[in-house]
Amino acid sequence: MSAEVRTRFAPSPTGYMHIGNLRTALYEYLIAKKHNGKFILRIEDTDQDRYVEGSVDVIYKTLKIAGLQHDEGPDIGGDYGPYVQSERKPIYMEYAKKLVEMGKAYYCFCSKEMLAEEKQKCEAEGRVFRYDRHCLNLPKEEVEARLAAGEPFVIRQKMPTEGSTTFEDVVYGTITVDNSELEDQILIKSDGLPTYNFANVIDDHLMKITHVVRGNEYLSSAPKYNLLYEAFGWEVPTYVHVPLIINEEGRKLSKRAGDPSFEDLLEKGYLVEAIINYVALLGWSPGTNEEFFTLEELCRVFDIHGINKSPAVFDINKLTWMNGEYIRRMSLDRFHEIALPYLKTAIKNPAIDLKKVSRILQPRTEVLCDIPGKVDFIDELPDYDIELYVHKKMKTTLENSLEGLKAALPVLEAIEEWNEQNIHDSLVSLAERMGVKNGQIMWPVRTAITGKAVSPGGAVEIADILGKEETIRRIKAGIDKLSAHKK
RNA sequence: GGCCCAUUGGUCAAGUGGUCAAGACACCGCCCUCUCACGGCGGUAACAGGGGUUCGAAUCCCCUAUGGGUCACCA
């Protein structure tokens, strides 16, 4: 009995993927896959002015990267094509004319300029502009004559003036709106292409979409769509309006406000899996305390009823944490693989074992782009302030640091097989012999060889990575630096 | 402004009449420790306000406040 579940992702080709769009696509994908249904890609390019060259490819690429592979779409075809709205132009006109015949729509010849003027006037008077239905009752002959004369026109939906329209949304429940609130919206624009408001209804029906998932900014338009479905006698799909994702200012996420797109996040070194996982949890809860899910797990666990009604703030902080969690959970090999490009930007010295660097970096990395800044001291010792040697907790001073370095130097020089174990044992036993805390040796050494207050890994690990020769060179430089200060 | 929607800690959120109101991020403290992280343990912090309904409300109803969305030949 139950028909195949079909959802659709219907982006406009504007060039990049909003986080909100990504989440919508994700939910659509999950709803379809959970029920072994189909996930369809449709390109909404009815606004030629906003068309951005090449952005359709961006959409394909993004879906692929995100792992949200569609089952039907412009690039792979399907039984309900074409999947690009501009290629469906005649279809919309045909249905619009049907509505005109049914008396549910009408031709309008009011020019854009005229309406804009009207609108301005209204606003100047502080009133809200509303189309005055100027063309509603034009005589049929006049309409035909003007059409024949080639006059530009639009087709408007004729809204009922009385009563109300009610629709059901799975997330928001029953919503009723007075029909008097509805404007005679434009269905077909003067360029012959449909508006979104018309195209989405026609396409969703013809493409047999069962669950319409979209941002809650469409909630107030939904009654108009219902009226169209009713006019055609079509079954209304299940509406799933999802809460908005907002930024810390409480506004809808937008590129203009500097909010990151999916691409921006990837570029910053966030992992696809972490982004998907985090975004899934923005406005949806599995109902358990679980919060790590692979895409496959989400397909299983996702449930429409877990979708929240209230807007969710996009918290880059938590995404960053989650990204770090993903990094820590992966194998060293995998981490090394993805860290490598970032390592190479900061480390040019071929003698460095980058795998070792990855090993100390993995538990300390939350976002990949942080990597270069953490390891920049490896190629070249930075010019540091000797005050770095003074560390209260390590109980180090300029004086005992100098002593520590001087004592460490021959010990390190004596190491024949340069590895972590030997470096560690040598330095620890040195501290023991001197009767000082490990830190009093380790801190000066670490400082001398990194030149930084903070480094990934301690003295031993860094010394191992730098190699004996370079370590000794830096220790000597440290001794010189401290001695020079002493005069 | 009209209409629509929302309101649990700073953030994400569980909760569908009876809980000491979960959990996570962030923050703070302690432990671990050769820095910083990681890890472990603990802590601060919330039902927007006011009326009802009820033996009993975060949960149901009304009002107020606040926030958001929408009012295009954009989607």
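For the numbers below, each heavy atom of this structure counts, side chains included, while hydrogens, waters and symmetry mates do not. So that the names make sense, note that chain A is the first sequence line, chain B the second, and so on, each numbered from 1. Predicted model only: the values in this text are computed from it and were never measured.
Between A/Phe109 and A/Tyr107, the ring-plane angle classifies as parallel under the 30° and 60° cut-offs. The aromatic rings of A/Tyr278 and A/Phe314 stand perpendicular to each other, their planes meeting at an angle above 60°, with 30° marking the opposite boundary. Classified by interplanar angle (parallel below 30°, tilted 30° to 60°, perpendicular above 60°), the ring pair A/Phe302/A/Tyr27 is tilted. Relative ring orientation between A/Tyr229 and A/Tyr239 is described as perpendicular, the plane-to-plane angle rising above 60° on a 0-90° scale split at 30° and 60°.
By the 6.0 Å contact criterion, CD on A/Gln120 is open, its count of non-hydrogen atoms from other residues, nucleotides or ligands being 12 or less.
Nucleotides B/rG39 and B/rU44 have their C1' atoms positioned 22 Å apart, rounded to a whole Å. When the C1' atom is compared between B/rU54 and B/rA46, the two are found 25 Å apart, to the nearest whole Å.
Applying the 4.0 Å criterion to OP1 and OP2 of B/rA75, one finds that A/Lys189 has a side-chain N or O inside that range.
Interface remark: the A/Ser220 side chain does not form any donor-acceptor pair with the B/rC4 base, using a distance-only criterion of under 3.5 Å. Between the side chain of A/Lys318 and the base of B/rA24, at least one donor-acceptor pair of N or O atoms lies under 3.5 Å. With hydrogens and angles ignored, a donor-acceptor pair closer than 3.5 Å exists between the side chain of A/Tyr218 and the base of B/rA75.
Taking every heavy atom of residues 12-27 of chain A and every atom of RNA chain B, pairs under 4.0 Å involve A/Ser12, by number.
For A/Tyr196, counting side-chain heavy atoms from C-beta on, the closest listed nucleotide (B/rC4, B/rC12, B/rA75) is B/rA75. In this structure, the nucleotide among B/rA6, B/rA75, B/rA37 sitting nearest to the side chain of A/Glu44 is B/rA75.
The residue A/Leu281 sits close only to the backbone: its heavy atoms come under 4.0 Å of sugar-phosphate atoms, none of a base. Across all strands, A/Lys252 comes closer than 4.0 Å only to sugar-phosphate atoms, never to a base (heavy-atom distances).
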Exercise. How would nucleotides 26-31 of chain B be written as a contact map, 5' to 3', with B for base contact, S for sugar-phosphate-only contact and - for no contact, using protein heavy atoms under 4.0 Å?
Worked result: S-----
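Mapping A/Val154 and A/Pro243 onto RNA chain B via the closest heavy atom, the residue that lands nearer the 5' end is A/Pro243. Both A/Val460 and A/Ile188 sit near RNA chain B, but only A/Val460 has its closest nucleotide nearer the 5' end.
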For this session: Under 3.5 Å for both distances, Watson-Crick or G-U wobble, that's the pair rule; now give the dot-bracket for RNA chain B, with | marking pairs to another strand and [ ] for crossing ones.
Result: ((((((((.[[[..)..(....]]].(((((.......)))))....[[[[[..)....]]]]])))))))....
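Salt bridge present: A/Arg42 and A/Asp204 bring a charged side-chain N and a carboxylate O closer than 4.0 Å.
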